Amino acid sequence: MAEYRARLFIMLLVCFFVQAIKAQDTTNQQLFLFKKYPFLKSGVIAELNRDGMPPASMKDSLSFSKLKPEVANKFNHFVQQQFGTASAKQVSGLLKGAGPAAYSNQVVESKLRAFMSLKDGVIPTLSVNQSSIDKLQAINETNYQPVADFIFPSVTNNTYLTGNTTLLGISVNVIGNYSYAAGGGIGAYDNFHLKVQFDKDAYLKNLRSKMNSAYSMDKFFLQDIHIESLANDYVKNELAAQYSKLGQLPDGVKKIIGDSTRFTTALQFDSAQLMAYLKDQKIEMSGSERDTFIHRFTAIKNNLAAKGFDVNHFIRYQQALKGNITSLLNKPNIASELSENVLPLSGIQRFFLQLKQFKIGSFSPDINKNLASSTSLATGFNMGFEKKLRQLNVTAGSMQSSSVFRDVPSSQVLGASVTQFFSASIATLKGGTVSVAQSFKKDIGDQVPVLPKNTVAFTLSQEFSMGKLGSLTADVSKSSTQYNNSVEGDMEHRLQSKNAINYIGEDFWQTIAVALKHNLDIADAGFSAETNIRMAGLGYQHPLSNGLYGGRWKIGTKMKKAFLKRKLQLNLRLDARDMTYGLSDMPKMVNVGWQLDGRYRYSKTWAFTMRWYNNQTDQHQHGISQNLNAIQKIETGVNINYRIAGLQAMTNATMGFQQMRLQDILPIKSNAFTMSMSDAIVIKRSVLSATTYLNKELSSQKIIGDLLNADINIQYPITKTLSLNNAVVYLNNGSVAHQLGIRQGIQLNLGNQFDCMGYVDVRKDLIENIYPGLYSNCRGNFSIRYTFK
């Protein structure tokens with residue numbers, strides 16, 4: 001029962017997340033026009049009727065009866081063609097005065113404004129359900145090696161399917177891979193992976209293109225309705241109607257109404273200012289006429305202000321409206337906000353508008369990168385919903401792992417297993433995230449048995465803005481792990497629930513993890529930095545990180561600084577890790593590493609690089625500290641672009657010294673000098689290049705050994721579609737292998753859809769080859785690429 005309660009709790013938690021998304025404020029940016037300026041509805045009717053005269057009464061609600069019959073019929077035809085018969089019937093009822101006011105406002109906001117903004121008044125035929133595979137590529141690559149030892153397969157074949165495609169109007173990315181290897185004993189394998197991922201950016205871009213092809217979006221935002229003229233006409237009509245009851249308009253009032261500049265100016269004044277203005281303009285009126293005009297004029301303005309329009313600020317409103325429209329039209333997600341109102345979308349297309357991401361197939365689970373990392377490949381689905389600033393993300397699936405050593409000092413082996421998992425997270429309006437993840441690991445009958453277990457973790461994340469000091473992200477996670485031991489002593493223990501969620505409160509400090517991440521970016525100074533601090537209790541485990549265990553802390557920082565007008569760029573990275581891997585005497589390993597990179601661009605043609613790297617791992621156990629390994633490396637390089645006899649040429653060269661001390665398996669201390677150089681020169685449509693790599697051991701203990709690898713290559717076209725490349729290759733690995741050979745390559749391009757390429761590398765052994773599987777005498781590669789249209 002406890003397990004069922006736990007699963008019910010998770011289901012209720014997901015339902016809570018969904019309701020939180022639905023319950024939030026759904027005010028859309030596009031609705032601000034009619035909500036802030038309700039009188040603009042009168043301008044819509046005037047624009048559609050094309051009579052240039054808005055209704056005399058500027059009411060908050062729109063009367064469909066004021067549409068001219070021919071306009072109403074055309075509008076009804078537009079709705080039926082674009083949005084279906086059911087929508088047309090609802091609109092027809094609204095035109096006759098039927099239906100709730102809320103739905104009337106929705107029609108005004110969407111269908112009527114879309115009708116008004118049709119380009120040239122032509123009703124388009126929009127198709128948003130098309131399917132295409134015009135950007136999908138299939139690549140098949142085969143590698144062949146006739147001679148192989150028991151480790152290296154002699155034949156490998158990889159088939160890739162990559163690119164973008166559209167299914168029923170939904171844009172997706174497809175990434176597939178089928179790998180096959182044979183002929184190499186234990187090196188043989190057969191794998192297939194496929195991922196289909198929703199491309200939200202491409203989907204919105206397609207919808208935006210459809211909208212822009214059919215509608216004038218500035219008209220949709222009522223940019224052509226002039227607020228100043230609308231207010232002027234309204235006040236003039238109201239004045240004329242009131243004075244008609246008193247007889248003929250006084251001459252002074254006629255001078256105010258008849259002069260557009262005077263009337264617009266008068267609209268901005270209160271009673272006292274208007275009195276002074278009339279005197280300043282020397283408008284001839286008697287005292288009673290002036291008082292009557294000011295009283296009626298001010299009353300009409302107050303009535304208009306009560307409807308949402310303050311005439312004292314109409315000029316600023318007009319400017320603000322234009323600015324808001326420009327800003328809205330430039331918003332990247334404008335297609336998401338408007339398309340379901342102006343395009344005939346299907347139900348599934350409307351559903352994908354609410355998604356931020358969706359992927360199904362083989363993928364690496366999305367987890368909190370500050371707390372854990374996952375390199376495991378899972379099979380399942382991931383779905384993320386986005387509504388304004390809130391986001392809901394749900395992931396479910398399974399991942400399989402093989403038997404591996406966790407680390408050498410602990411001598412512990414993780415057996416093969418399959419893990420089923422579920423996770424959900426919700427982002428709040430304050431930059432925070434609440435997430436829960438649970439996994440169930442099962443044994444799959446490997447030689448190394450795995451005890452079934454389930455793990456659950458709750459995580460709270462919050463981002464804090466620190467102004468000029470950057471931003472800080474804090475993560476706190478609590479996990480619980482329970483093992484299902486079916487052979488425990490008595491029946492009571494066997495029947496006891498092993499669901500980890502029931503034990504989430506136990507061993508609090510040992511099963512908690514905390515992570516802090518600080519980001520700082522000072523653009524004016526050319527400086528940026530990122531610092532991470534992570535601490536995890538000995539019993540902490542993350543459900544979605546295969547093999548991760550607690551008992552560690554980590555501190556890392558990355559800093560970038562530009563000097564000399566950004567010609568010099570320095571990057572510094574520091575990392576320190578403390579990892580406890582056992583309970584007896586709490587043995588641990590401490591790893592400290594740092595790296596300094598520099599790049600100096602002397603001119604457009606010269607650039608220099610530098611790297612200094614140091615990494616060291618120590619083991620602490622039983623009060624004894626032992627160095628396991630240490631690596632130090634310093635490297636410099638130069639990149640040159642130049643011309644020789646008018647030909648474009650390029651040289652990249654690096655050289656460095658490396659020292660390695662390895663104690664964990666066998667005591668080894670190695671010093672080596674490395675150098676690499678590549679040169680290329682462009683001769684019309686041909687490219688002549690040469691590459692050299694040298695590793696020279698400077699001590700008696702050798703890891704790689706003395707190695708020289710070099711080739712000279714020329715690539716040249718035969719026809720417009722066929723090109724060849726010929727190379728002479730040389731390899732010298734001391735007493736291990738010494739070879740000289742040739743490599744022949746070919747590339748064929750048949751239009752924009754199909755191309756193929758391949759090469760054959762044949763070499764002659766100059767001494768006896770000790771590792772023929774590593775240094776083969778013959779190898780080949782052939783690949784075909786096809787782009788679907």
Side-chain angles (χ1 to χ4, degrees), residues 356 364-375 384 386 389-391 393 423 425-437 457-479 508-509 511-538 540-542 544-545 548-563 566 568-580 588-599 611-617:
K356 180 182 180 182
S364 182
D366 292 330
I367 62 176
N368 189 308
K369 299 299 188 297
N370 295 334
L371 287 170
S373 60
S374 176
T375 57
E386 184 175 35
L389 296 178
R390 290 188 178 177
Q391 300 172 11
N393 191 287
S423 69
S425 65
I426 185 171
T428 67
L429 292 176
K430 300 296 184 180
T433 302
V434 181
S435 62
V436 58
F458 289 89
T459 304
L460 302 177
S461 301
Q462 184 66 52
E463 183 174 346
F464 303 92
S465 176
M466 303 172 65
K468 294 182 179 180
L469 297 179
S471 63
L472 178 67
T473 303
D475 302 276
V476 179
S477 183
K478 175 67 173 67
S479 74
F508 186 83
W509 295 111
T511 56
I512 195 171
V514 178
L516 299 175
K517 179 181 179 181
H518 179 260
N519 284 289
L520 178 63
D521 190 353
I522 307 176
D524 294 340
F527 177 80
S528 64
E530 177 183 307
T531 302
N532 293 273
I533 300 175
R534 179 187 182 275
M535 296 170 287
L538 187 62
Y540 178 80
Q541 297 187 40
H542 197 285
L544 301 187
S545 187
L548 177 73
Y549 55 98
R552 61 176 59 188
W553 60 261
K554 173 185 175 182
I555 298 177
T557 183
K558 293 183 292 185
M559 293 181 285
K560 297 180 181 180
K561 180 70 173 77
F563 301 90
R566 302 187 183 276
L568 175 62
Q569 179 80 41
L570 294 181
N571 302 327
L572 176 63
R573 177 168 183 166
L574 299 172
D575 287 290
R577 297 178 177 88
D578 185 308
M579 299 163 283
T580 302
K588 64 180 179 179
M589 288 189 295
V590 178
N591 175 263
V592 179
W594 59 269
Q595 179 175 305
L596 177 64
D597 291 281
R599 179 179 176 84
R611 172 174 294 178
W612 193 357
Y613 174 78
N614 184 85
N615 188 288
Q616 180 171 315
T617 302

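Predicted, not measured: the structure shown is a model, and the values here were computed from it.
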Could I get the full list of salt bridge (Lys or Arg N to Asp or Glu O under 4.0 Å) partners for K517, not counting sequence neighbours?
none

Which residues pass the side chain to side chain donor-acceptor pair (under 3.5 Å) test with S471, sequence neighbours left out?
none

Under the criterion side chain to side chain contact (heavy atoms under 4.5 Å, CB included), I'd like the reasoning laid out for I512 against V476: C-alpha separation, chi angles, the key distance, then a yes or no.
CA-CA 7 Å; I512 195 171; V476 179; 4.0 Å; yes

Tell me if a side-chain donor or acceptor on S479 pairs with a main-chain N or O of Q541 at a distance below 3.5 Å.
yes

Measuring only between side-chain heavy atoms, which start at C-beta, is W594 closer than 4.5 Å to Y613?
no

Any idea which heavy atoms bring F527 and L520 closest together, and the distance?
CE2-CD2, 4.0 Å

Quick one: pull up CG in L572 and NZ in K560 and give me the separation to the nearest 0.5 Å.
12.5 Å

How would you list, by chain and number, every residue that makes a side-chain contact (heavy atoms from CB on, under 4.5 Å) with N591, sequence neighbours excluded?
R577, M579, N615, T617

Taking every heavy atom of D521 against every heavy atom of S528, the minimum-distance pair comes out as OD1-CB, 4.0 Å

Quick one about D597 and Q595 (side-chain donor to acceptor, distance below 3.5 Å, no hydrogens or angles considered), yes or no?
yes

For Q462, what residues pass the side-chain contact (heavy atoms from CB on, under 4.5 Å) criterion, not counting sequence neighbours?
K430, F464

Quick check against the 3.5 Å criterion: does H518 have a side-chain atom that pairs as donor or acceptor with the backbone of I533?
no

How many angstroms lie between CG in L568 and CG in L570, if you round to the nearest 0.5 Å?
4.5 Å

Determine, for R573 against D575, whether the closest basic-nitrogen to carboxylate-oxygen distance falls under 4.0 angstrom.
yes

Measure across A474 and L516 and return the closest heavy-atom pair with its distance rounded to 0.1 Å.
CB-CD2, 3.7 Å

Minimum-distance pair of heavy atoms, taken over all atoms of Y540 and T511
CD1-O, 3.6 Å

Partner set under side-chain contact (heavy atoms from CB on, under 4.5 Å) for S461, not counting sequence neighbours
N368, T433, T459, D475

Before giving the answer on side chain to side chain contact (heavy atoms under 4.5 Å, CB included), spell out for K558 and N571 the whole-Å C-alpha distance, their side-chain angles and the decisive distance to 0.1 Å.
CA-CA 7 Å; K558 293 183 292 185; N571 302 327; over 6 Å; no

Nearest 0.5 angstrom please: T473 OG1 to N519 CG, how far?
6.5 Å

Within this structure, what is the CE-CD1 distance for the pair M535 and I555, rounded to the nearest 0.5 Å?
8.0 Å

Of all heavy-atom pairs between A576 and W553, which one has the smallest distance, and what is that distance?
O-CZ3, 3.8 Å

Sequence neighbours left out, what passes side chain to side chain donor-acceptor pair (under 3.5 Å) with K356? Give chain and number order.
Q391

Would you say the side chain of E530 lies within less than 4.5 Å of the side chain of M559, judging by non-hydrogen atoms?
no

